[in-house]
Amino acid sequence: MSEGKMGKLSAKERMKIHRHEMPEQEAKARCGNFDEVNFGYTPELAMEEALRCIQCKDPVCIEACPVNVKIDEFIGLVAEGKFLDAAQKIKEDNALPAICGRVCPQEDQCEQVCVIGKKSEPVAIGNLERFVADYERNSGNMKLPEVKPATGKKVAVVGSGPAGLTCANDLAQWGHEVTVFEALHELGGVLMYGIPEFRLPKQIVREEIDNLKKLGVKFQTNVVVGRSVTIDELMEEDGFDAVFIGVGAGLPWFMGIPGENLNGVYSANEFLTRVNLMKAYDSNYDSPVFDCKGKNVAVIGGGNTAMDAVRTARRLGAEKVYIIYRRSEKEMPARIEEIKHAKEEGVEFIMLNSPVEFVGDENGWLKGVKCLKMELGEPDESGRRRPVPVKDSEYVIDIDMVVISIGNGSNPLIKQTTPEIGTSKKGTIVVNQETMQTSKKGVYAGGDIVTGGATVILAMGAGRTAAKAIHEELMNVTVNAE
Amino acid sequence: MYKIVSARFLAENIKMFEIEAPRIAKRRKAGQFVIVRLDEQGERIPLTIADSNVETGTITIIVQGAGKTTRKLNLKEAGDTILDVAGPLGQPSHIENFGTAVSIGGGVGAAIAYPTAVALKEAGNKVITINGARNKDMVILEDEMKKVSDEAYVTTDDGSYGFHGFVTQKLQALIDGGEKLDFVLAIGPIPMMRAVAEVTRPYGIKTVVSLNPVMVDGTGMCGGCRVVVGGESKFACVDGPEFDAHLVDFKNLADRNRMYNVHEKAALEHFETDCKLEKQIQAQASN
Ligand SMILES: Cc1cc2nc3c(=O)[nH]c(=O)nc-3n(C[C@H](O)[C@H](O)[C@H](O)COP(=O)(O)OP(=O)(O)OC[C@H]3O[C@@H](n4cnc5c(N)ncnc54)[C@H](O)[C@@H]3O)c2cc1C
Ligand SMILES: Cc1cc2nc3c(=O)[nH]c(=O)nc-3n(C[C@H](O)[C@H](O)[C@H](O)COP(=O)(O)OP(=O)(O)OC[C@H]3O[C@@H](n4cnc5c(N)ncnc54)[C@H](O)[C@@H]3O)c2cc1C
Ligand code: SF4
Ligand code: SF4
Ligand code: FES
Ligand SMILES: [Mg+2]
C-alpha cells in the first residue's frame, strides 16, 4: 500500500473496508502449547486497518481511553507507514502499549465508541496499538524517553504491577531517584503471575522492566512492605521523600461453602501463580500443580481471570473444562475475545448455575461440584438481572479439580502496619481522586488496591496521576496538563 | 542472592545455616519464617527463622531434608548462595507472661520451638522445654534449650536417651505430677501436635501449635496455605502460622499436606538418581 493512499480514499470508501481480524494459532494446536494465541498484524494488514479510521474531527475514542491515547494521530501515522513515529505518539500517553494492546478491554473502552462501529465493526485500535509497540520493539530502535536532570528526591514505589511500573517510569523521567520494592521474586505483578503466557508473553513484560532499569529505576525483590520494612521506616530511616503504594488486590475470595478446603480446590491466584510464576507446566521447574491430564476441571466465575484459568487447565491436558457462572453469558465481565477463544478451545459454559457444595472422598480429594440452577429475575442495583435459585434443582457434576475465580479483596499487610493510611470498609485504600494522595502525608496509592480488581490501563492511569502529584509536591510546582 | 556464611549438620539430615539477610535479621521476631527459593527452577518453601544476629546481619535456619528442595539445600556449604530469601513472614508468636510455659518441639520442630522458648523466658515465664526425637542421634539444640529452660527434658521414641517415650507422655507426666501449666506451645509432625492438643484439652490449658501447610507466596495472595481453625478458613502465612490447638482441624491439614505426594516422590527419586550419577561421573573422572 502506498503512502499517499490515505489522502485519496474518501470516508465512504474507507467505511467499506472490513475490519482485519488478527491472525492466530489454530484452536486445536494452541490447546497443546503455552505460546501466544495471536500472531499480530503484518505491516500491510496494519496499514489497511489504519485506513478504516476516518480521522474524526472530534475523536470520541480518545475520551473513552482511560489514559487518552491520541488514537486518531497514531493511527494516521500507521496508515502512512510511519510506525516508529506512531509508537512515540502512543508513548506520550501510555508507557506500556505492547501490554495494553493485548489486554485492554477495548470493546468497553476506545473501540466501544468508535463511530465506525455504529455502521460496521469499530477500528481495531487495540490490534494497531499492539502492532506499533511490537514493531518498535523488534526494530531495535526502541527509543528511551528523555530523563530530566536529577532532583535529589527519593521516591519508593511499593509493588511492581502496572500501577507501580507506570508511576516509577514517570517519576524517573522527572529526574527523581526511584526504588521499586516487590514482595515476590519476580517483577510485574499480575502481568507476570496472573495473565498467562499465551495471552501476554512474559518476555514483553521483562523488556518493559529492562527499559525502566535503563532509565535508572532501581528494583528490590523479596521485600514484603509491612513485614520486611514498614512505610514509616522507608520514609524516616531510608530517607524516601514520598511513597507510592501499588500492591494490587491480592487476597483471593473463597465462597464459604462446604468442601472448599478439599484437595483439588484452588483459588485462581494459586493455580495461575503455580503455572505462570512458578512454571509448573514445565517439567524442568520444581513447583508442582494438580495433574490435569485427562481430568475434568471446572472454573467458577466469569471474568478474565476465570477464562485464563480454564484455558490454562485445557493446556495442561484437562479432558473436560467447564466455566460455571451464576448469571448468563451476557453478564460475564470477561473480554469478548477471551470468551470467544475459550469456546474455540472447547470450554463448555454452564451458565445460570451456582455451586453450593464441593463434594469430596474420604481422603479429602474433590470429586464433584454440587450446583443449584438459577434463573434471571428482576434487575439489581447494577442494572443486571439478578439470578434467583430454582427450587430443588440441585445436581452434582463430576469434577476432579476446581478453580474459584470470584474476585479478590485487599491484602491487609500495609493497613496493619501503617494504620494512619485510611481504608474503606472493603479494605481498599482511600485516596483523593485528583492526586491519589492517601490520608498520610507523602503517601500515595493507586491501582487495584484503591479500586478493587479493575484493569491494567486503569492501574496505569492511577500510577501516572500519582507520579504527577508526587512531582508537584516534592518540587513545589504545578505541572500543566498538556 | 543471599550468601550462606556458615553451614553445619546438627544431626543426620538436619543442617543449620547462617544466611546474610540484614533487613530480615533486623525485623524478625520469634515465630516468623522466611520463604526461600534456591535457584531459577526452584520452588518457594517456608523455613522458620530459628535465630538472628543484627550485628552480623544474619539469620539462622535449621533444615530437615524432607524432599528434593530441602535435600538440595542441605548440600549447600558456607560460601554458596541462595537465590531468594523473603521475610520475615507470618505473625510473630504471641508472647506474654503466662506463668509456667511449656515449649514442645518434635524432631526439627525443636528449631521452631526454640526461638519462642527464648522469647517466653524473656517475658518472665517459668519455661519448661520438651525436646522429642526418634533416637539419641536425632536430638538437636539440646544445649540451647537447656540454657533458656528452667526445666529441660529430652524424650526419645526408642529410649536411647532421656525419657523413653513420646513428648505427650512426658507432658502428661508433668501434669500428673501436679505441675500447674498455664501455656503450652507444640511444634512438630501433625500427629504429635494433634496428640498434644488432646492431652491439654481436658485441663483447659491454653495450647498453641505452629502449622505447616503447603505455601507458595507467603504473603496472603494465593490462599493455598488455608487451614481450618474453629470452623473457619485461615491463611496460615498471614493469620498464623500459630493457632489455638484446640480449634485446629488436623485431619484437613494432614489431607491437604498430602496433595502433592505423587509429585514429591517422583521429584525426590529423580534428584537422588541425578546425585548418584553425578558422583559416578566424578568418580570416573578422577580414576
Ligand atoms: C488472571 C488475571 C487476568 C486479568 N486479565 C486482565 C485483562 O485481560 N485486561 C485487563 O485490563 N486487566 C486484567 N486483569 C486485571 C489487572 O491485571 C489488574 O487490574 C492490574 O494488574 C492491577 O495492577 P496493580 O499495579 O494495581 O496491581 P498488581 O498487578 O496486582 O501488582 C501488585 C504488585 O504488588 C506486589 N505486592 C503486594 N503486596 C506487597 C507488599 N506488601 N510489598 C511489596 N509488594 C507487594 C504484588 O506481589 C504485585 O507484584 C487480570 C487480572 C488477573 C488476576
Ligand atoms: C511456616 C512453616 C515453617 C517451617 N519451618 C521449617 C523449618 O524451620 N525447618 C524445616 O526443616 N522445615 C520447615 N517447614 C517445612 C518445610 O517447608 C517443608 O519440609 C519443605 O517445604 C519440604 O520441601 P521438599 O521439596 O524438601 O519436600 P517435598 O518432598 O516436596 O515435601 C515434603 C512435605 O513437605 C510439605 N511441603 C512440600 N512443599 C511445601 C511448601 N511449599 N510449603 C510448605 N510445606 C511443603 C508437604 O507436607 C510435603 O508432603 C516449615 C513449614 C512451614 C509451613
Ligand atoms: S490504552 Fe487501551 S483503551 Fe487506550 S487506546 Fe490503547 S487499547 Fe484503547
Ligand atoms: S472514533 Fe474511530 S474513526 Fe474516529 S478517530 Fe477514533 S478510531 Fe478513528
Ligand atoms: S502461601 Fe499463599 S496465601 Fe499463604
Ligand atoms: Mg518439594
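Being a predicted model, the structure only gives us computed values, none of them experimental. To find a chain, count down the sequence lines: A is the first, B the second, and so on, and within it residues start at 1.
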Considering only heavy atoms, which portion of [X] lies under 4.5 Å from any heavy atom of chain A: side chain, backbone, both, or neither?
| X | answer |
| --- | --- |
| R44(B) | both |
| F235(B) | side chain |
| D84(B) | both |
| R37(B) | side chain |
| E232(B) | neither |
| R23(B) | both |
| I24(B) | neither |
| V238(B) | both |

Considering only heavy atoms, which portion of [X] lies under 4.5 Å from any heavy atom of chain B: side chain, backbone, both, or neither?
| X | value |
| --- | --- |
| L413(A) | side chain |
| Q220(A) | side chain |
| L277(A) | neither |

Could you report the tightest heavy-atom contact between [X] and [Y], atom names first, then the distance?
| X | Y | answer |
| --- | --- | --- |
| V216(B) | E270(A) | CG2-OE2, 4.3 Å |
| G220(B) | P252(A) | O-CD, 3.6 Å |
| Y260(B) | R274(A) | OH-NE, 3.2 Å |
| G42(B) | D286(A) | CA-OD2, 3.7 Å |

Which one, [options], leads in non-hydrogen pairs under 4.5 Å with chain B?
| options | answer |
| --- | --- |
| F290(A), Y193(A), F271(A) | Y193(A) |
| V289(A), L272(A), V223(A), N284(A) | V289(A) |
| G250(A), G364(A), P288(A), S287(A) | P288(A) |

Looking at [options], which makes the most heavy-atom pairs under 4.5 Å with chain A?
| options | answer |
| --- | --- |
| V85(B), D217(B), I35(B) | V85(B) |
| K26(B), R256(B), H270(B) | R256(B) |
| E43(B), Q41(B), K251(B) | Q41(B) |
| R28(B), K68(B), H263(B) | H263(B) |

Interface residues of residues 224-234 of chain A facing chain B - non-hydrogen atoms under 4.5 Å apart: V224(A), G226(A), R227(A), S228(A), V229(A), T230(A), E233(A)
Separation of [Y] [atom2] from [X] [atom1] (nearest 0.5 Å):
| X | Y | atom1 | atom2 | result |
| --- | --- | --- | --- | --- |
| Y266(A) | C222(B) | OH | SG | 10.0 Å |
| L83(B) | N222(A) | CG | CG | 8.0 Å |
| N408(A) | M221(B) | CG | CE | 9.5 Å |

Is the shortest distance from a Lys or Arg side-chain nitrogen in E40(B) or K279(A) to a carboxylate oxygen in the other one below 4.0 Å? no
Using a 6.0 Å cut-off, check whether atom CD of E237(A) has over 12 heavy atoms from anything other than its own residue. yes
Take a 6.0 Å sphere around NZ of K76(B) and say whether it holds more than 12 heavy atoms from other residues, nucleotides or ligands. yes
Are N261(A) and R226(B) close enough that a side-chain donor and a side-chain acceptor fall under 3.5 Å? yes
